[in-house]
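A short write-up of the structure that comes next.
First the proteins, then the strands, lettered A, B, ... as listed; each starts at 1.
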Amino acid sequence: VKMEDYEAFIGFDLYETALSSVAQKILSAMRSGDLVDSKNWEESTKTTKVTAKDKKNQPLETKNPNSLTSRASRGPIKLSSQSVTQLTGQMSADQVWKSVTSLAPCSSLIPQCNQKTSVLQQMEQKRKHCLKENMNNEHEQSMNLKRKNITCSSSPETTSKHMPLEKDSCEDDTCLNSEDSRAFRNQLCDVRYLDDLSKLQLMEVLNQAAGLVVTLLYKDGSTQLRDNQARTSSVKGIVMLLKSHIEEDSSSLSSPTCGGALEKNFNSTDRYIYIQTEHFFLWDQEQVAQHLFARRMLLQTLKCKCPVICFNAKNFVKAVLQFLGDDHGNWKQVADFVGLDPRIAAWLIDPSDAIPSFEDLVAKYLGKSIVDKTRSTCGNISQSIVNQNVCVNLKILYSLMMDLCSKLKVYGLWQLFCTLELPLIPILAVMENHKIQVNQEEMEKISALLGARLKELEQEAHFVAGEQFLITSNNQLREVLFGKLKLHLRNQRMHLPRTGLHQQPSTSEAVLNSLQDLHPLPKIILEYRQVHKIKSTFIDGLLACMKKGSVSSTWNQTGTVTGRLSAKHPNIQGISKHPIQISKPQTFKGKEEETVTISPRALFVSSKGHTFLAADFSQIELRILAHLSGDPELLKLFQESDRVDVFSTLTSQWKNIPVKHVTHADREQTKKVVYSVVYGAGYVTSIMGRRRPLPRICAQNQQLRAQAERQAVNFVVQGSAADLCKMAMIRIFAAVATSPTLTARLVAQIHDELLFEVEDTQVSEFAALVRGIMESLQQVQTLELQLQVPLKVNLSAGPSWGDLAPLQEAPNSA
DNA sequence: TCATCTGACTTTCGG
DNA sequence: TCCGAAAGTCAG
């Protein structure tokens, strides 16, 4: 196919023009009836009918094992009638945890960690065994603890203004005649004021807990469960609900409703504790002991063998990490933390749901609103009511998570949740805690230089336009170009693209490019925009994100509908890759060169004794497309040209010139063309079963239909690439965390590129590890994934991100 | 009346 | 072509 033929399609409705054979194949797969209808989708979230529906669909999906729909074989569809009834009710913590551990990321992804699962399982069995023996014993212990707690609260020390431990007047006050029960219901126990024996007992309770529900408490008194305002307050401590084991009660499982079942999940031996994480004066011996104990509790929580439920678990891990101190490889201690996060679960179920609050989720999935006593009473609120609220919310959080777990299983998202999204939580937390150094001095210099250049360009623009106007205003520019100068009339054949909604003449880059020969203004505007973008976003924007000479992005795990990560403050994923050349402003002109090149990525520098190492997949999306479509030409392309760049190969074929004559611009053009075709042509789940609800496909509306189909394809390809990239992160992270010597830190993920900071001496060893892991991803047996096309991995290293040199593979690497 | 905030819109960077 | 973040203008 000639390149020109494809170029002609761009800007037109791809659906109406002839599609490539790949696109056609995928479209026909889509039309075979597996599209998720939004109506069905809504119904399935409301009721449990989905199980029946899935079962009904099974023969349809398995009919064509080679099609894209073959994931049915590992989906949730094969549910026995027994398991269906089980799933429609809430799962117990035990059930969830057995499930999590059986899908533990280590076991499925890191071969050498296989024993870990069995150890976990053994521990689980042992725990069960011990539980029976300790029943009486435990009861005795808790009695002691309770007594202690009460004596504590009468001491003047504990009635601190932050955390009063006075008895609250909760509703069960009257119905319980036992003093012990009352002491533990909805009452926070500040672990600082326990004596040594009680601390020992508490550790034991933690070890034996059936489940933990945690939330951060902030200085302003709010928690993660209620922070509608922008969070400025720092972490003060951690509130934790320790759930004890309940007698297995089969009747509670068969109950499909959650409202009434809430109380059933809790019993009187559940404990609420508070762990302070701030304000330790380390010259005070007593506070040193308190600090140590808090540390032990949190470390124990991290490697807890029961589920830890937390809303926004990443922030919890971050807080713990900051408490532990981020030096000497402390981050490795959070590596195998598994926290169940309802927000992530909800996002998997409906990725288009924009960042829901805890309240939103409770309303959506439990169908009730949270009664907030602190809001109805203005003015002075009793601290005990606040505490009580936290405790109630922790219970609700537990129920919410159990409900979401059941739903994840029903929708076939459980494996994705456990193997990909949950292990990512501590990884992102560690990434956020790591600071990337930035060359501040250089940035300030560049900022001044760019500012001067912008002034020059502004003056030039005003001069050639013959009037003053705001260059950054598209409205004013539109008026000048098309109102005053009437450039669109100078060329009759010119097609004037218009803006999306208002249908006004566009002033986009493409338009300005086409107007370049008619007037000097468009060219000046183009340069102004380029310089302005660099200055405002990459230089000044980055400077605004800096703290003590370094930056650290905030990573959002639930911000996209395709499953990709996103980053902000700064958005490190969006920083220009290619350096730009600008002509020097007059005031900066010396005797030397007239131009200066600026590479925004080069401003990120590795810390002393360390090197940046970047590992990226090459054209992973196209390779996945080749695999999923099975298109012979596409497959051949990747199987043959193992070493040569695919876009260069395509360009040389289309233009009929040797590969070495392909210019950068040609290659970029090809890339544009290829992705236009790719995204013009799917299925609605990624290779890992990630799903996206599509707008209802309406046969009458060609445009909407075409858009939905493009979204579908985009989702499959992008989502699958995101799956593989996340898997790479998890496996590499786990490998480093379990290594006694390696210290490499994951710094950023730019979709198909992973950026690490590595000790200089470990570069080649680490590079070999990374290459091995990334290349092994084309064959992940536990996921029944076997790509027909090889994955290609590029490695590069250097002292700054913008200046990385290709890295040869370490000789004779394992 | 003035300052500030918010949302819609456009553009440009990444993949 | 899709998916993002960010920065800017402008009207309300």
Taking only N and O in the side chain of A:Arg564, is any of them less than 4.0 Å away from OP1 or OP2 of C:dG4?
no
For A:Gln476, answer base if it contacts any base atom (sugar-phosphate contacts may also be present), sugar-phosphate if it contacts only those atoms, and nothing otherwise; contact means non-hydrogen atoms under 4.0 Å.
sugar-phosphate
Can you check the A:Asn474 CG to B:dA8 C1' distance for me, whole Å?
14 Å
Side chain of A:Ser576 (C-beta onward), nearest among B:dC13, C:dG8, C:dA6:
B:dC13
Is any side-chain N of the basic residue among A:Glu458 and A:Lys455 closer than 4.0 Å to the acidic one's carboxylate O?
no
Ring pair (Phe, Tyr, Trp, His ring centres under 6.0 Å) partners of A:Phe604, counting only residues at least two apart:
A:Trp801
Are any of the side-chain heavy atoms of A:Arg529 and A:Lys533 separated by less than 4.5 Å?
no
Separation of A:Asn571 atom CG from C:dG4 atom C1', in whole Å?
7 Å
Options C:dG4, B:dG15, C:dT9, nucleotide nearest the side-chain atoms of A:Arg601
B:dG15
For a quick test of reading the model: is some side-chain N or O of A:Ser566 closer than 4.0 Å to OP1 or OP2 of C:dA5?
yes
Students often get this wrong, so: under 4.0 angstrom with heavy atoms, is A:Ile534 touching a base, only sugar-phosphate, or nothing?
nothing
What are the two closest heavy atoms between A:Glu432 and A:Ser552, and how far apart are they?
O-OG, 2.5 Å
Side-chain N or O of A:Ser508 closer than 4.0 Å to phosphate OP1/OP2 of B:dT11:
no
Testing B:dT11, B:dC13, C:dG4 for proximity to the side chain of A:Ser506, the answer is B:dT11
Could you check whether A:Lys533 gets within reach of a base, just the sugar-phosphate, or nothing at all, counting any heavy atom under 4.0 Å?
base
Under 4.0 Å, counting only non-hydrogen atoms across every strand here, what does A:Arg478 touch: a base, just sugar-phosphate, or nothing?
nothing
Of all residues at least two apart in sequence or in a different chain, which pass the ring pair (Phe, Tyr, Trp, His ring centres under 6.0 Å) check with A:Phe617?
none
Quote, to the nearest angstrom, the P distance that separates B:dT10 from C:dT1.
16 Å
Below the 4.0 Å mark, does C:dA7 have OP1 or OP2 next to a side-chain nitrogen or oxygen of A:Thr472?
no
Specify the separation, in whole Å, of atom CD1 of A:Ile572 and atom P of B:dG15.
12 Å
C:dG4 OP1/OP2 closer than 4.0 Å to side-chain N/O of A:Thr562:
no
How many Å lie between CD1 on A:Ile525 and P on B:dT12, as a whole number?
11 Å
